[in-house]
*Asks:* 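Structure in structure tokens, see below.
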Amino acid sequence: MKILHTADWHIGKKLHKHYLHEDFERFITWLLTCIQEHQVEVVLISGDVFDLANPSAEARRQYYLALKKLSNLNCKIIITGGNHDSPSMLDAPREILEALNVHIIGGMPQDPAQCLIPIRNKAGEVELIVAAIPFLRDSDLRAAEEGVSYDNRIEAIRKGIEAVFAQAAALCKQRFPGLPVIAMGHLYAAGIESSESERDIQIGNQAAFQASQFGDYFSYVALGHIHKPQRISAAIPAFYSGSPLPLSFSERKDEKRVLLLDTEAGFEPKSLAVPAFRKLIKVSGTLDQIKAKLSILSAEGELTNLIEVELLEEDFDARLISELDDLVTQFDKPGMEIVKHRASFKNRLRETGKLFDSHQKLEDLKPREVFAKMLEQNSYDAETKAEVTRAFQELVEQITSADPA
């Protein structure tokens, strides 16, 4: 049996106010071809289907169209909710979607047995079980460990997650003895490498789940939440498929992928690289270096390349910020767009209140004295300092001579 593992679609995601609708459409088109070529029978989507708990109308439209296209390929689709998803929103059309062979577990059900989904082969026989466990919220963990108390809340969360997976394993042993089981999970595992775009879960990721706590019963664990594809160190094959699209500039160098299992060959997955539909580019350095780097860039991929620019200079200079703004405003290359820019200075300006002795108060000082101290921190030449000082004096005179009425 061929099984495809993906996660973290984040439909409706904006990257610096730039919607990724077109990227997702191209991913789904590629995925449909991938499923047909490899004759995939089951698709697992391990959480964070949407980027927001209350997704936009456009995001919902993309979701339902994607499910319709996938169901037309006669493969079973199993979706679990993630920390970004609303369990009730995902679960609402459950009965209708089951008619399309789409099985959804948006939130942890009261009866854990509802998470167990038998998968039948072409002969109609149950060949394996999927324990579709969604993102576990505090109430789910308290229910799993009812009657047990821990002094440390973080330890309680870890033990609660472990109890849910152990309970799923026990139910499978009891109801489906001898059959392989694939577990789905949406959590933060210890020792993994994260990116900038994941939202912290369960006390800021401090309650990292130890891979050893999965035990050795499951044949494979299909994980979601972490956007960088990677394997975790467990006694069994346990993988984050990662997000199929780069969702932050920190993911620009990741090889995005989905994972393909062929149960006849075992439960070690094969990686299928997702094409890059657009390039994310980060340009940093001094102003001159940035200008040089931008001048040699050329567009790649089907969609507009997005660029993040970071100015790195030794000393603060307001003129550099102004020149950077002008550079960004005037940048015009086909197929490329600067979506974010910022400036960083190694020698940062001190706050005004820290420029003077502790016994001096700002209200007791003259504006020109404060301005002179601030000006000392800049690397302006003498002529520029004199010009800036004259401009400041003119402003002060205009303010002090203005008619109070």
*Asks:* Could you state the interatomic distance from CD1 (I78) to CD1 (I182), rounded to the nearest 0.5 Å?
*Replies:*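 Spacing of CD1 (I78) from CD1 (I182) equals 8.5 Å.
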*Asks:* Test side chain to side chain contact (heavy atoms under 4.5 Å, CB included) on S344 and L311 and set out the steps.
*Replies:* CA-CA 6 Å; S344 300; L311 176 66; over 6 Å; no
*Asks:* Just to verify, what does Q62 make a side-chain hydrogen bond (donor to acceptor under 3.5 Å, both in side chains) with, not counting sequence neighbours?
*Replies:*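 So Q62 forms a side-chain hydrogen bond (donor to acceptor under 3.5 Å, both in side chains) with H21, E25.
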*Asks:* Could you walk me through whether L136 and L187 pass side chain to side chain contact (heavy atoms under 4.5 Å, CB included), step by step?
*Replies:* CA-CA 8 Å; L136 299 170; L187 50 83; over 6 Å; no
*Asks:* Classify the ring geometry between F249 and H16 as parallel (under 30°), tilted (30 to 60°) or perpendicular (over 60°).
*Replies:*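 Geometry flag for H16 against F249: parallel rings.
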*Asks:* Could you walk me through whether M184 and H5 pass the side chain to side chain contact (heavy atoms under 4.5 Å, CB included) check?
*Replies:* CA-CA 9 Å; M184 298 173 70; H5 167 205; over 6 Å; no
*Asks:* So C75 and V42, do their side chains get closer than 4.5 Å, heavy atoms only?
*Replies:*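 No, too far: nothing below the 4.5 Å cut-off.
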*Asks:* Return the set of residues passing side-chain hydrogen bond (donor to acceptor under 3.5 Å, both in side chains) with R175 (not counting sequence neighbours), or none when no residue passes.
*Replies:*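 Per chain and number, R175 pairs via side-chain hydrogen bond (donor to acceptor under 3.5 Å, both in side chains) with no residue.
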*Asks:* Between S243 and K13, is any pair of side-chain heavy atoms under 4.5 Å apart?
*Replies:*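 Side chain of S243 against side chain of K13, heavy atoms only: no contact under 4.5 Å found.
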*Asks:* Do I133 and T80 touch side chain to side chain, with heavy atoms closer than 4.5 Å?
*Replies:*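 I133 does not reach T80 side chain to side chain.
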*Asks:* Is it the case that the side chain of K256 and the backbone of H227 share a donor-acceptor pair, with hydrogens and angles ignored and the cut-off at 3.5 Å?
*Replies:*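 Here the side-chain-to-backbone pair exists.
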*Asks:* What about the rings of H225 and F135, do their centers lie closer together than 6.0 Å?
*Replies:*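 No, ring centres 6.0 Å or more apart.
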*Asks:* For E300, which residues count as a salt bridge (charged side-chain N to carboxylate O under 4.0 Å, His left out) partner, sequence neighbours excluded?
*Replies:*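 Result, salt bridge (charged side-chain N to carboxylate O under 4.0 Å, His left out) vs E300: K279.
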*Asks:* Only pairs at least two apart or in different chains count here, so list each salt bridge (Lys or Arg N to Asp or Glu O under 4.0 Å) that has a residue in residues 34-50.
*Replies:*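 Listed once each, the pairs would be none.
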*Asks:* Which heavy-atom pair separates L4 from V258 by the least distance, and what is that distance?
*Replies:*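 That would be CD1-CG2, 3.9 Å.
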*Asks:* What's the shortest heavy-atom distance between S248 and L280, and which atoms?
*Replies:*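 Here S248 and L280 meet closest at O-CD1, 3.7 Å.
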*Asks:* Counting distance only, does the side-chain N/O of T263 pair as donor-acceptor with the main-chain N or O of M1 below 3.5 Å?
*Replies:*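 Yes: the side chain of T263 pairs with the backbone of M1.
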*Asks:* Identify the heavy atoms of K293 and S284 that sit nearest to each other, and give their distance.
*Replies:*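 Where K293 meets S284 most closely, the heavy atoms are NZ-O, 2.7 Å.
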*Asks:* Once rounded to the nearest 0.5 Å, what's the spacing between atom OH of Y240 and atom CZ of R231?
*Replies:*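 That separation rounds to 14.0 Å.
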*Asks:* Do you know the tightest heavy-atom contact between L272 and W30?
*Replies:*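 Heavy atoms only, the tightest pair is O-CH2, 4.1 Å.
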*Asks:* Do K173 and Y217 meet the cation-pi criteria used here (NZ or CZ under 6.0 Å from the six-membered ring centre, within 45° of the axis)?
*Replies:*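 The answer is yes; both the distance and angle limits are met.
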*Asks:* By the definition side chain to side chain contact (heavy atoms under 4.5 Å, CB included), identify the one residue from L171, I129, V181 that meets it with F176.
*Replies:*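 Single side chain to side chain contact (heavy atoms under 4.5 Å, CB included) partner of F176 among L171, I129, V181: I129.
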*Asks:* Which atom pairs, one a donor and one an acceptor, fall under 3.5 Å between side chains of residues 112-125 and the rest of the protein, sequence neighbours left out?
*Replies:*
from: R120; atom 1: NH1; to: G124; atom 2: O; distance (Å): 2.9
from: N121; atom 1: OD1; to: A123; atom 2: N; distance (Å): 3.0
from: N121; atom 1: OD1; to: G124; atom 2: N; distance (Å): 3.2
from: N121; atom 1: OD1; to: E125; atom 2: N; distance (Å): 2.9
from: N121; atom 1: ND2; to: E125; atom 2: OE1; distance (Å): 3.4
from: N121; atom 1: ND2; to: E127; atom 2: OE1; distance (Å): 3.3

*Asks:* Looking only at heavy atoms, which two atoms of L15 and L247 are closest? And how far apart?
*Replies:*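 Shortest heavy-atom contact: CD1-O, 3.5 Å.
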*Asks:* Got P246 and R252 here, is their nearest side-chain heavy-atom distance under 4.5 Å?
*Replies:*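 They are not in contact (no side-chain heavy atoms under 4.5 Å apart), so the answer is no.
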*Asks:* Determine whether a donor-acceptor pair (N or O, by modelled atom type, separation under 3.5 Å) exists between the side chain of R278 and the backbone of T304.
*Replies:*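 Side chain of R278 to backbone of T304: a pair is present.
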*Asks:* Restricting to non-hydrogen atoms, name the atom on F165 and the atom on F218 that form the minimum distance, rounded to 0.1 Å.
*Replies:*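 That closest heavy-atom pairing would be O-CZ, 3.4 Å.
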*Asks:* If only atom types and distance count, is the side chain of H186 paired as donor or acceptor with the main-chain N or O of S46 below 3.5 Å?
*Replies:*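 Yes, because the side chain of H186 sits within donor-acceptor range (under 3.5 Å) of the backbone of S46.
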*Asks:* Is any side-chain heavy atom of I3 closer than 4.5 Å to a side-chain heavy atom of V130?
*Replies:*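 The answer is no; the side chains never approach within 4.5 Å.
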*Asks:* Tell me which donor-acceptor pairs under 3.5 Å the side chains of residues 103-110 have, and how far apart each pair is, sequence neighbours excluded?
*Replies:*
none

*Asks:* Between the side chain of E310 and the main-chain N/O of K282, is any donor-acceptor distance below 3.5 Å?
*Replies:*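 Checking the backbone N and O of K282 against the side chain of E310, no donor-acceptor pair under 3.5 Å is found.
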*Asks:* Could you give all pairs that pass the side chain to side chain donor-acceptor pair (under 3.5 Å) test and reach residues 68-78, with sequence neighbours left out?
*Replies:*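 Every side chain to side chain donor-acceptor pair (under 3.5 Å) pair that includes a residue of residues 68-78, provided the two are not neighbours, is K76-N101.
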*Asks:* Could you give the distance from CG (L312) to CD1 (I290), rounded to the nearest 0.5 Å?
*Replies:*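 Separation between the atoms: 7.0 Å.
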*Asks:* I'd like to know whether CD of Q36 has more than 12 heavy-atom contacts from other residues, nucleotides or ligands below 6.0 angstrom.
*Replies:*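 Counting other residues, nucleotides and ligands, CD of Q36 exceeds 12 neighbours.
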*Asks:* Could you grab the distance from atom CZ of F24 to atom CG of D51, nearest 0.5 Å is fine?
*Replies:*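 Answer for the CZ-CG pair, F24 versus D51, is 12.0 Å.
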*Asks:* Taking C-beta and beyond as the side chain, do L306 and H18 meet within less than 4.5 Å on heavy atoms?
*Replies:*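 Side-chain contact under 4.5 Å: yes.
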*Asks:* How about F27 and F277: are their ring centres within less than 6.0 Å of each other?
*Replies:*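 Aromatic pair excluded; centres sit 6.0 Å or further apart.
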*Asks:* For E302, enumerate each residue passing the salt bridge (charged side-chain N to carboxylate O under 4.0 Å, His left out) test, keeping only those at least two apart in sequence or located in another chain.
*Replies:*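 Scan of E302 (salt bridge (charged side-chain N to carboxylate O under 4.0 Å, His left out), adjacent residues dropped) gives R26.
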*Asks:* Can you list every pair that meets salt bridge (Lys or Arg N to Asp or Glu O under 4.0 Å) and has a residue in residues 87-97, with sequence neighbours left out?
*Replies:*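 For residues 87-97: D91-R94.
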*Asks:* Heavy atoms, side chains only, cut-off 4.5 Å: are D262 and K2 in contact?
*Replies:*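 Yes; the side chains approach each other to less than 4.5 Å.
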*Asks:* Let me confirm one number: the OG1-CD1 distance from T6 to I77, rounded to the nearest 0.5 Å.
*Replies:*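 If we round to the nearest 0.5 Å, T6:OG1 and I77:CD1 are 12.0 Å apart.
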*Asks:* Could you list the donor-acceptor pairs under 3.5 angstrom formed between side-chain atoms of residues 320-336 and any protein atom two or more places apart in sequence or on another chain?
*Replies:*
from: D325; atom 1: OD1; to: H341; atom 2: NE2; distance (Å): 2.9
from: T329; atom 1: OG1; to: D325; atom 2: O; distance (Å): 2.8
from: K333; atom 1: NZ; to: L294; atom 2: O; distance (Å): 2.9
from: K333; atom 1: NZ; to: S295; atom 2: O; distance (Å): 2.8
from: K333; atom 1: NZ; to: L297; atom 2: O; distance (Å): 2.7

*Asks:* Check the pair Y63 / L90 against side chain to side chain contact (heavy atoms under 4.5 Å, CB included), numbers first and verdict last.
*Replies:* CA-CA 11 Å; Y63 170 61; L90 280 185; 3.9 Å; yes
*Asks:* Please round to the nearest 0.5 Å and tell me the distance separating atom CD1 of I226 and atom CG of D8.
*Replies:*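 Those atoms lie 8.0 Å apart.
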*Asks:* Hey, does the side chain of Y220 reach the backbone of P269 with a donor-acceptor pair shorter than 3.5 angstrom?
*Replies:*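 It does not hold such a pair.
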*Asks:* Which donor-acceptor pairs under 3.5 Å do the side chains of residues 52-61 make with protein atoms, sequence neighbours left out?
*Replies:*
from: N54; atom 1: OD1; to: R60; atom 2: NH2; distance (Å): 2.8
from: S56; atom 1: OG; to: A59; atom 2: N; distance (Å): 3.1
from: E58; atom 1: OE1; to: R61; atom 2: NE; distance (Å): 3.2
from: E58; atom 1: OE2; to: R61; atom 2: NH2; distance (Å): 2.8
from: R60; atom 1: NE; to: P55; atom 2: O; distance (Å): 3.1

*Asks:* Would you say F239 and L261 make side-chain contact, with heavy atoms under 4.5 Å?
*Replies:*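 They are not in side-chain contact.
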*Asks:* Name all residues meeting the salt bridge (charged side-chain N to carboxylate O under 4.0 Å, His left out) criterion together with E337; count only those two or more places apart in sequence or in a different chain, and write none if there are none.
*Replies:*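 E337 satisfies salt bridge (charged side-chain N to carboxylate O under 4.0 Å, His left out) with no residue once adjacent residues are dropped.
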